[in-house]
Amino acid sequence: MFSLNGTSFTNNSLSGVSRCLTQSSRRVSAPMVVVAAVSSNGKPGDGSVSVLVENALTESATPVEMEVKSTVTGGVQDVYGEDSATEDQSITPWTLSVASGFSLLRNPHYNKGLAFSERERDTHYLCGLLPPVVISHDLQVKKMMNSIRKYDVPLQRYMAMMDLQEMNERLFYKLLIDNVEELLPIVYTPTVGEACQKYGSIFRRPQGLFISLKEKGKIHEVLKNWPEKKIQVIVVTDGERILGLGDLGCQGMGIPVGKLSLYTALGGIRPSACLPVTIDVGTNNENLLNDEFYIGLRQRRATGQEYAELLDEFMYAVKQNYGEKVLIQFEDFANHNAFDLLAKYGTSHLVFNDDIQGTASVVLAGLMAALNLVGGSLSEHTFLFLGAGEAGTGIAELIALEMSKQTGIPLEETRKKIWMVDSKGLIVKSRMEMLQHFKRPWAHDHEPVQELVNAVKSIKPTVLIGSSGAGRTFTKEVVQAMATFNEKPIIFALSNPTSQSECTAEEAYSWSEGRAIFASGSPFAPVEYNGKVYASGQANNAYIFPGFGLGLIISGAIRVHDDMLLVASEALAEQVSQENFEKGLIYPPFSNIRKISAHIAAKVAAKAYELGLATRLPQPKDLVAYAESCMYSPAYRSYR
Ligand SMILES: O=C([O-])CC(=O)C(=O)O
Ligand SMILES: [Mg+2]
């Protein structure tokens, strides 16, 4: 309990950082110094306060009437507004958070470290808690980059980045945004894959929300333990198929954490609106079950009804807690669950499967761009996939859909331009009975073929796409075969991380004598072949999902529709410049990603309005400008 200018604040011993001010009936001025000032709004004790809240983008202050909810803990406190342009404006667009002094330094949302000004140090009880020097945000970035670059081992860089995220969120995001091409491979594929494999031994502080079988029956309450209440995007995995690394159980948590940091850095979603979730139903990975440092349930995976019930409880608890506009991104589920979950919840929730839909959209964009280099329309090409799982069949379906839209030819016909090879060989009609349902549309008339290279020679595809999760499968013979009947063979080696890539960039260029149009899921450094430098593109979901999610959020979309994926692909393909094409690139550089994301978001939002799936009305006139204005900026705020 403390009192401020005569107003009493009680201590409800709340543990999270987001709280509302306690009731106040008098004018309260300093030290409510930061973004809020409390003024009188009526009779003493009427249960509401008027708070001046500063908008992070416009810097204008708006009075907000707030219900009295809870209180601040001990000492004189300061009140900070959460910057939240992408937040639902129909509810109070601000969360008030409270911290000062030592706790302010320990709060990653608000900590600025050495960038706290003299004045802020004075008013916020920080004197003596920091050395005397005051440095700029830019200098902090420079210093952090210097220290991260001193680590030779990518995993050490990853750990340094995770520590920074836990220490100073705005510095973490500024670092990531300003150095996106260098740091993406650290916080994302390929390094995040290694981090998940070793998650138990490098585990320091928990990140995200762990929902295990032990939480069955109380997921609603577990969600309430999360300190943030206004969640807009959840990335959830059950860890069964982490990248191409297989079942990593509970240690898959690195993936939702990594994906959500990209939602913020690349798509501008507020960090506090992002919730990483790992559903732990056990693991079938023997190494992990026997690993003394394993962090998950030490049991084999629950399946069937037990699995379905836990997922169902989770899905409904999410809707109950966060409403129907929260985006739930399924990530790295095994095929057998991924398709079913998407079909099951696609009509009741705002769900998106990044591995099926995000990959599809990014690859379609790359193909649209590649046609500028190769010529012909989509339907004039022939496609062969290695891998008929989530990614492969997802991409194939979106290509077939786009061909059908472009030509008016029915989907059943356009699918015939697309062939697939799985672990049992070419998918052909004679295998129909034995095929999983998601592979059946791709079973065409052809005699059985076992080997990929023979399928390539027989089908003569113009486009070869690897999506099997198995590395080193595009052999010299395969690439050379592609190069014999194609002037410019399009070859996508999509499997992640780098170790699982179907071939390397160097192999693709040298085996095709420099003629391949190549892109990969994980990044490769530029390659020199015959005196020429080839920079290949990264056909990675990270181009699509952050902007796609932003588009859903700014329009208040309640469902995902395939047409939104198609416009996202178009938006991405449009961002490839003549200069990029001249270098043989079919994806724009990641350094422009926030601009790209805003364009994708605008197109997705426009489609949501067109389809009647948007709830935020009226529709903003200039959606690109609106998307940009909604994006989180990591710039420090001044705590006056
Ligand atoms: O994370 C990535 O780089 C792409 C992806 O979703 C996967 O490979 O599962
Ligand atoms: Mg994935």
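Both counts, for ligands and for their atoms, begin at 1 and track the order of listing. Remember, predicted model here, so these are calculated numbers, not experimental data.
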Task: Carboxylate-amine/guanidinium contact Glu628 Lys595, below 4.0 Å - done: no
Task: Polar atom proximity, Thr189 to ligand 1 (N or O, under 3.5 Å) - done: no
Task: Ligand-residue contact atoms, ligand 1 with Asp355, heavy atoms, under 4.0 Å - done: 5 (C), 6 (O), 7 (C), 9 (O)
Task: Residue and atom name of the nearest protein heavy atom (relative to atom 1 (O) of ligand 1), distance in Å to one decimal - done: Lys259 NZ, 3.1 Å
Open item on the list: With a 3.5 Å distance limit and no angle check, can you tell me whether His349 reaches the backbone of Met315 through a side-chain donor-acceptor pair?
Closed with: yes
Task: Check: Thr237/Asp332 side-chain N/O donor and acceptor closer than 3.5 Å - done: no
Open item on the list: Could you tell me if Asn540 and Tyr587 have a donor-acceptor pair between their side chains, going purely by distance under 3.5 Å?
Closed with: no
Open item on the list: Taking N, O or S atoms only and a limit of 2.8 Å, check whether Asp332 reaches the Mg ion (ligand 2).
Closed with: yes
- [ ] Quick one: look at Val192 and ligand 1, take heavy-atom pairs under 4.0 Å, and tell me if it's side chain, backbone, both or neither.
- [x] neither
- [ ] Measure the acute angle between the ring planes of Phe333 and Phe330, then classify it against the limits of 30° and 60° as parallel, tilted or perpendicular.
- [x] perpendicular
Open item on the list: So that I know where these two stand, are Phe590 and Tyr543 an aromatic pair - ring centroids less than 6.0 Å apart?
Closed with: yes
Task: Name, closest N/O/S atom of Asp355 to the Mg ion (ligand 2) - done: OD1
Task: Protein heavy-atom partner closest to atom 2 (C) of ligand 1 - residue, atom, separation in Å - done: Tyr188 OH, 3.2 Å
Open item on the list: Between Asp247 and Asn284, is there a side-chain donor-acceptor contact under 3.5 Å, judged purely by atom types and distance?
Closed with: no
TODO: May I ask you to check whether Ser522 and Thr189 show a side-chain donor-acceptor distance below 3.5 Å?
DONE: yes
TODO: Could you tell me whether Arg204 and Asp163 have a side-chain N and a carboxylate O separated by less than 4.0 Å?
DONE: yes
Open item on the list: For N/O/S atoms only: which one belongs to Glu331 and is nearest the Mg ion (ligand 2)?
Closed with: OE2
- [ ] Would you mind running through ligand 1 and noting each atom that sits below 4.0 Å from a heavy atom of Asn541?
- [x] 4 (C), 5 (C), 6 (O)
- [ ] Using a 4.0 Å heavy-atom cut-off, say whether Asp354 meets ligand 1 through its side chain, its backbone, both or neither.
- [x] side chain
Open item on the list: With a heavy-atom distance limit of 4.0 Å, tell me whether Gln538 approaches ligand 1 through its side chain, its backbone, both, or neither.
Closed with: neither
Task: Residue, atom name and distance, where the atom is the protein heavy atom closest to atom 4 (C) of ligand 1 - done: Asn496 ND2, 3.3 Å
Open item on the list: For atom 3 (O) of ligand 1, what's the nearest protein heavy-atom neighbour? Residue, atom name and distance, please.
Closed with: Asn540 ND2, 2.9 Å
